Amino acid sequence: MKTRFILAAAAFVAAAPALAQVSVDGAWLRETAPGARTGAGYGLVVNAGSAEDRLLGGSTPVAARLEVHSMTMDGGIMRMRPVTGGLAIPAGGRVALKPGGYHLMLIGLKQPLRRGTMVPVTLDFARAGLLKLSLRVESIDHGRESPHAGH
Amino acid sequence: MPAIDRGLRRLRLWLWAVVALVASALAAATLGLWPRGVDGGDDPAADYASTFGGPFSLVDPQGRRVTDATLKGKPFALFFGFTHCPDVCPTTLQSMARLRRKLGADGDRFNIVFVSVDPERDTPAEIGTYLSMFDTPIIGLTGTPAELARIVEAYHVYYQRVPIEGGDYVVDHTATVFLMDAQGRFFSTLAYEEGETARLAKLRRLVQR
Ligand SMILES: [Cu+2]
């Protein structure tokens, strides 16, 4: 009886990802140079669920690895680091992956990212599980081309 | 309630007095400091600025030697980075390309120079391929660690190779753009956080002087 309950609970937990409500708005990848071996992706990660989730990383057929990185500017020095333990997305909250900040880091590109093409990307969340996306490759300064570009 | 009215009026007068005092103090401070800042006399910031730049010798994607002397005769905007940098490097170089376009006829009156501080991965040829992505000519340079050390020291630039998982590494580096005049003397900098309007104004002053 007890075993059956545990099994049922386990099955529920396994099914939970389908119920988790994580999405990414306006996601895109930056075009790269021919021969480039790294790329970056951005978007607004929205957690409509009632529990915190964590973006652990993911995968894409166009690169060997896909990691979540942070970028900070400190006294004019740029530092980029993998986010360890996943990027926390608070319950009912959102975290922006954007130029100059958090980004999806594509390491070991197998082909250059060409503007206008669509690239399949799967993101891995601790609770929500795998989220399959198709990201459009945009120009280098996508999102900065408006008259108010800059900061 | 006339008593409260009077109180408020007195408070308002006091506040105006404070504003006037602060304003005159600021004016005095500005008048006192300005002349020193202009002629660079004993302004420590001006002394420090004059130490940016100096002799260097690197190679371009065609394998040609490029030195500080090669660049003389035209102002230049100098940026340090690495081609595996997916964010700050391409956005900064693209911003320089866009600024050059905005300068119109003055756009070709300065050179854009990119120095790779990742000699382990960035060969001159690879730097050339990387720079072909930007729709404007950019002089891409690199050199031996010793040659790079020389220019890095001349511009007080910081860079550090940082290993990450999977045997890979990233490079922390100064993301400031150095604006140098036609004689290779320090003119100004463009900070990463700086808005495009301010950047454009500085570049305009650089090419029109
Ligand atoms: Cu990164």
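Residue numbers start from 1 in every chain, and the chains themselves are labelled A, B, ... in the order their sequence lines are given, proteins ahead of strands. From a predicted model like this one, the values you see are computed outputs, not experimental measurements. Hydrogens, waters and symmetry mates are skipped; everything else that's a heavy atom, side chains included, is used.
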*Check the surroundings of atom NZ in A/Lys98: do more than 12 heavy atoms from other residues, nucleotides or ligands lie under 6.0 Å from it?*
no

*asked:* Report, in residue-number order, which members of residues 170-185 of chain B are under 4.5 Å from chain A by heavy-atom distance.
replied: B/Val170, B/Val171, B/Asp172, B/His173, B/Thr174, B/Ala175, B/Thr176

_Per-residue contacts, residues 80-87 of chain B versus chain A, heavy atoms under 4.5 Å_ = B/Phe82, B/Thr83, B/His84, B/Cys85, B/Pro86, B/Asp87

*Between A/Gly100, A/Ala64, A/Ala36, which shows the greatest number of heavy-atom pairs under 4.5 Å with chain B?*
A/Gly100

_Worked verdict on A/Asp141 versus B/Thr91 for side-chain contact (heavy atoms from CB on, under 4.5 Å)_ = CA-CA 6 Å; A/Asp141 47 6; B/Thr91 52; 5.6 Å; no

*Evaluate whether atom CD of B/Glu165 has more than 12 neighbouring non-hydrogen atoms of other residues, nucleotides or ligands under 6.0 angstrom away.*
no

_Can you confirm whether more than 12 heavy atoms, excluding those of A/Tyr102, are under 6.0 Å from its OH atom?_
no

*What part of A/Leu109 lies closer than 4.5 angstrom to a heavy atom of chain B: side chain, backbone, both or neither?*
neither

_B/Arg65 CZ: over 12 foreign heavy atoms closer than 6.0 Å_ = yes

*Which members of residues 75-85 of chain A, sorted by number, sit under 4.5 angstrom from chain B on a heavy-atom basis?*
A/Gly76, A/Ile77, A/Met78, A/Arg79, A/Met80, A/Arg81, A/Pro82

_Contacts with chain A made by residues 113-136 of chain B (heavy-atom distance under 4.5 Å), listed by residue number_ = B/Arg121, B/Glu126, B/Thr129, B/Tyr130, B/Ser132, B/Met133, B/Phe134

*Residue among A/His69, A/His103, A/Met105, A/Glu31 with most heavy-atom pairs under 4.5 Å to chain B*: A/Met105

